[in-house]
Amino acid sequence: QTNEKRVEWLKNGVLKVLQAKYGNLYRRDNVVLSGTHTHSGLGGYFQYTLFMITSKGYIKASTQALVNGIVRSIDIAHRNIRPGRIYMNRGDLEDSSINRSPHSYLNNPQRERDRYKSNTDKQVVVLKFTDLDGDGIGLLSWFAVHAVSMNYTNQMVSSDNMGYASYLLEQDKNRGALPGQGAFVAGFSSSNLGDVSPNTRGPVCVNTGLPCDYLNSSCPVGGTKMCKAFGPGGDMFDSTSIIAHNIYKRAKELYGKADKEVTGFLHSINATHTVRTHTHTHTHTNLQTHTCLIKKISLAHTFWIETLCQTCKPALGHSFAAGTTDGGGDLNFTQGAVVGDPFWDEIRDVLLGKPSNETQECHHPKPILFNTGEVKPLPWHPDVVDVQILLIGSVAVVAAPGEMTTMSGRRLREAVKQELESEGKLKDIEVVISGLSNIYTHYITTYEEYQVQRYEGASTIYGPHTLSAYLQEYRGLARAIAQGGVAKLPAGPQPPLFEDSRLFNLLPAAALDRKPANSSFGDVLQQVYPVYRVVRRADKTFVTVEIYHNRTSTWEVVCTDASWETRFRWLKGSGRQSNVTVEWHIPLQAAAGSYRIRHLGHAKQLQGSRPVVTPYEGVSAVFAVTPSYYHQ
Ligand SMILES: *[C@@H]1O[C@H](CO)[C@@H](O)[C@H](O)[C@H]1NC(C)=O
Ligand SMILES: *[C@@H]1O[C@H](CO)[C@@H](O)[C@H](O)[C@H]1NC(C)=O
Ligand SMILES: *[C@@H]1O[C@H](CO)[C@@H](O)[C@H](O)[C@H]1NC(C)=O
Ligand SMILES: *[C@@H]1O[C@H](CO)[C@@H](O)[C@H](O)[C@H]1NC(C)=O
Ligand SMILES: *[C@@H]1O[C@H](CO)[C@@H](O)[C@H](O)[C@H]1NC(C)=O
Ligand SMILES: *[C@@H]1O[C@H](CO)[C@@H](O)[C@H](O)[C@H]1NC(C)=O
Ligand SMILES: *[C@@H]1O[C@H](CO)[C@@H](O)[C@H](O)[C@H]1NC(C)=O
Ligand SMILES: *[C@@H]1O[C@H](CO)[C@@H](O)[C@H](O)[C@H]1NC(C)=O
């Protein structure tokens, strides 16, 4: 595909390969890509300009690796298709999430808040998959929490708390298998996590130990940068592990007791929402003068107001740059800003141009920092957005193209349930929200939360009525399903293809690698100790830990770089020399025996004048792990 002049965004890239392999089986309407929010992953695979800036460009190698990996897992699933049953269960998980913008949440109507016991959703919803003999083959679950237990100082690739929960359950079910190699698959999906943090001890001023300001998360000394959320553990590894174990244990319990069988039909339905409703320029028309049609939903349990107003051209507010108490925000921005800062407004005007009056009014009360919808010629943010619902019997999976806050998610679930059940054919539907699906559009708050303009409101890029617009779209999809499932929805506009020539990449190509004189790549710099005592207290991988079997005289891989107990650090030095350190945090249950650690890598060197990348490996000496002992 390197000769393609135009580049697809990720979901299209995946669909294209699937189409070539499977024809019309896996399509835009029945494939959902639901992402995770992590600060420990790769970037450069999303072509809208704002996202390319943070990753220094479009990185083809990242995109290709993601497409290949996603397609490969679909290939494996496809090869293993067999008849089976699905069971559903749900239950609450406490002590694993807090609301990081409680002030915004409190702006929702009292009567609505009174219906819920907490300002975040605590439910874990679990689907248990079995074969016809009743043997468990997999789990899919949803829980609303940001996967940001690892903070942004971490430079290792990590799947954070949700990924570790998935790893734990798979290791548990696939005893003895390497990560990702066993038959049992455990998926932990994101949900309406927009205002939900895993850092459960909450924010504190790190310099003084005092609480941060409730409204703007600022500290009396040092401002926003000093206000950080921590916990529940002593450091980020600890915290990741605690949250992951909580999620894993609860999901496993619910899985074990799941006995409500999911039956019925499969439906999938999709559409696009075009957020820029007025693309042509009527210079003399004030677009804001049209009347908002206010529809008061009259269901007994529904108290909010849906306003059928237009969505705005995308823009981010000042408080976006403040970041959150989970990290980010290097400049002096503060959450909760409803007035712009003249200094930054001027810089913005020079860089991006002044936002039009129309866009400013549309986003009110958000002071606009980045008017991404008005920058030409490259699109900075999506303005055609995928909306999609999958119905699996009595479970409806709503694929949301961003990060919905707790209350936004509750409203959406309720609206979809109401429409699905409106015709009387579908009953007792469990609606789950799969967050960060298909395309990324930042956050989605309620109209009331938007007024407060904390980070989530400032990052609701289509303006105050973003949620209302989505509610309409998803109601439409749900109604179409309720009315028989044969969707007769218009095709709708498609997101743009990206001209290859217009994508930029400021990352230099990987430089040549050097090594000290009289040495080889893969030389071990610091040997392992000959013996380690445990005390009480593959696929492709960069690292393996191997145990020796005397009987067969073979080495068996027991850990890879996907194992929680290994840490792989690449240290880039001066003069293009780099070192690698491998840590193996030997678990208590490690078998006694002879071990070695292997590192597999690639070095780029000139052969004549041509740079050539060649694989190398380095192996430690053999060391012993002896049985653990107890000391009282
Ligand atoms: C919905 O999915 C179908 C089939 O996958 C596709 O043909 C259609 O273009 C999609 N609609 C939109 C609006 O993307
Ligand atoms: C944050 O709000 C407090 C009042 O609650 C105010 O004193 C302080 O100046 C604000 N900080 C910033 C940086 O805006
Ligand atoms: C940021 O704002 C805080 C609080 O207003 C102030 O104490 C701090 O000096 C400011 N920092 C910079 C770099 O301007
Ligand atoms: C990140 O976590 C480490 C502990 O693992 C801690 O030392 C550091 O202060 C944290 N940094 C931020 C910005 O939260
Ligand atoms: C935009 O609003 C400002 C302030 O209200 C006004 O002075 C200006 O004329 C407006 N510009 C346009 C193009 O309407
Ligand atoms: C490299 O090895 C050669 C031959 O053993 C020796 O003459 C030379 O001094 C060594 N160079 C360095 C930098 O150690
Ligand atoms: C395995 O073989 C090595 C060398 O042949 C020997 O030193 C070691 O004791 C043996 N270990 C076991 C558990 O038999
Ligand atoms: C790599 O290790 C060597 C030998 O221990 C040391 O001299 C060098 O500074 C290290 N380089 C980096 C980038 O850590």
Side-chain angles (χ1 to χ4, degrees), residues 38-40 100-103 106 146 148-156 158 160-161 197-243 317-319 321-344 367 452-455 458 511 513-527 567-583 585 599 601 603 618 620:
T38 177
H39 295 171
S40 311
R100 69 183 189 190
S101 284
H103 186 84
L106 273 180
H146 264 90
V148 296
S149 288
M150 297 294 275
N151 68 40
Y152 63 85
T153 64
N154 167 48
Q155 297 193 328
M156 291 180 282
S158 159
D160 213 285
N161 50 35
S197 165
N199 297 309
T200 51
R201 264 188 289 158
V204 65
C205 295
V206 290
N207 48 352
T208 58
L210 296 170
C212 311
D213 184 80
Y214 187 66
L215 168 65
N216 57 28
S217 294
S218 176
C219 292
V221 182
T224 311
K225 269 170 285 187
M226 289 300 142
C227 175
K228 299 271 171 253
F230 294 95
D235 64 18
M236 59 181 165
F237 292 96
D238 222 14
S239 297
T240 305
S241 177
I242 294 169
I243 300 291
H318 274 251
S319 302
T324 69
T325 49
D326 290 329
D330 261 350
L331 302 170
N332 225 5
F333 289 92
T334 312
Q335 295 199 69
V338 287
V339 204
D341 175 330
F343 175 72
W344 290 109
V452 180
Q453 283 295 303
R454 280 178 58 86
Y455 176 82
D513 293 311
R514 288 216 192 109
K515 53 192 170 51
N518 287 1
S519 65
S520 305
F521 287 112
D523 280 357
V524 174
L525 295 174
Q526 193 188 342
Q527 237 345 319
R567 284 175 204 167
F568 172 83
R569 290 193 171 84
W570 180 54
L571 306 167
K572 206 166 146 184
S574 57
R576 295 184 192 154
Q577 297 189 4
S578 44
N579 293 353
V580 149
T581 55
V582 177
E583 294 166 27
H585 295 250
H599 158 53
S620 77

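The chain is numbered in sequence order, starting from 1. Values below: all heavy atoms of this structure, side chains included; hydrogens, waters and symmetry mates excluded. We count ligands from 1, going down the list as the structure has it; atoms in each ligand are counted the same way. Fair warning: this is a prediction, and the values are worked out from it, not measured in the lab.
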Peer 1: Only heavy atoms of Asn216, strictly under 4.0 Å: list the atoms of ligand 2 that pass.
Peer 2: 1 (C), 2 (O), 3 (C), 8 (C), 10 (C), 11 (N), 12 (C), 14 (O)
Peer 1: Answer with yes or no whether the side chains of Asp160 and Ser158 bring together a donor and an acceptor at under 3.5 Å.
Peer 2: no
Peer 1: Please find the pair of heavy atoms, one from Thr325 and one from Ser217, that lie closest to each other, and give the distance.
Peer 2: CG2-OG, 3.8 Å
Peer 1: Quiz question: by atom type and distance under 3.5 Å, do the side chains of Ser197 and Asp326 form a donor-acceptor pair?
Peer 2: yes
Peer 1: Has the side chain of Glu583 got a donor or acceptor atom that lies under 3.5 Å from a matching backbone atom of Arg567?
Peer 2: no
Peer 1: With atoms numbered from 1 as shown, which atoms in ligand 2 lie under 4.0 angstrom from a non-hydrogen atom of Asp213?
Peer 2: 1 (C), 2 (O), 3 (C), 4 (C), 5 (O)
Peer 1: List, pair by pair, the atoms of ligand 4 and of the protein that are both N or O and lie under 3.5 Å apart, giving the separation rounded to 0.1 Å.
Peer 2:
from	atom 1	to	atom 2	distance (Å)
ligand 4	2 (O)	Asn151	ND2	2.3
ligand 4	5 (O)	Met236	N	2.9
ligand 4	11 (N)	Asn151	ND2	2.9
ligand 4	14 (O)	Asn151	ND2	3.1

Peer 1: State if Gly223 counts as touching ligand 2 under the rule of any non-hydrogen atom under 4.0 Å.
Peer 2: no
Peer 1: Against heavy atoms of Gly573, which atoms of ligand 8 measure under 4.0 Å?
Peer 2: 13 (C)
Peer 1: Which of the numbered atoms in ligand 8 are under 4.0 angstrom from any heavy atom belonging to Asn579?
Peer 2: 1 (C), 2 (O), 3 (C), 8 (C), 10 (C), 11 (N), 12 (C), 14 (O)
Peer 1: Just jot down the side chain to side chain donor-acceptor pair (under 3.5 Å) partners of Asn154, sequence neighbours excluded, or say none.
Peer 2: Ser40
Peer 1: Number the atoms of ligand 8 from 1 as they appear, then name those within less than 4.0 Å of a heavy atom of Leu525, with their elements.
Peer 2: 1 (C), 2 (O)
Peer 1: Given 3.5 Å as the limit, does a donor-acceptor pair link the side chain of Asn207 with the main chain of Val221, or not?
Peer 2: yes
Peer 1: Just by modelled atom types, is the His103 backbone N or O under 3.5 Å from a matching donor or acceptor in the Ser101 side chain?
Peer 2: no
Peer 1: Please check if atom CD in Gln527 has more than 12 non-hydrogen atoms from other residues, nucleotides or ligands closer than 6.0 Å.
Peer 2: yes
Peer 1: Taking only non-hydrogen atoms of Leu215, do any sit less than 4.0 angstrom from ligand 2?
Peer 2: no
Peer 1: Checking Asn199 side chain against Gly202 main chain: does a donor-acceptor pair fall under 3.5 Å?
Peer 2: no
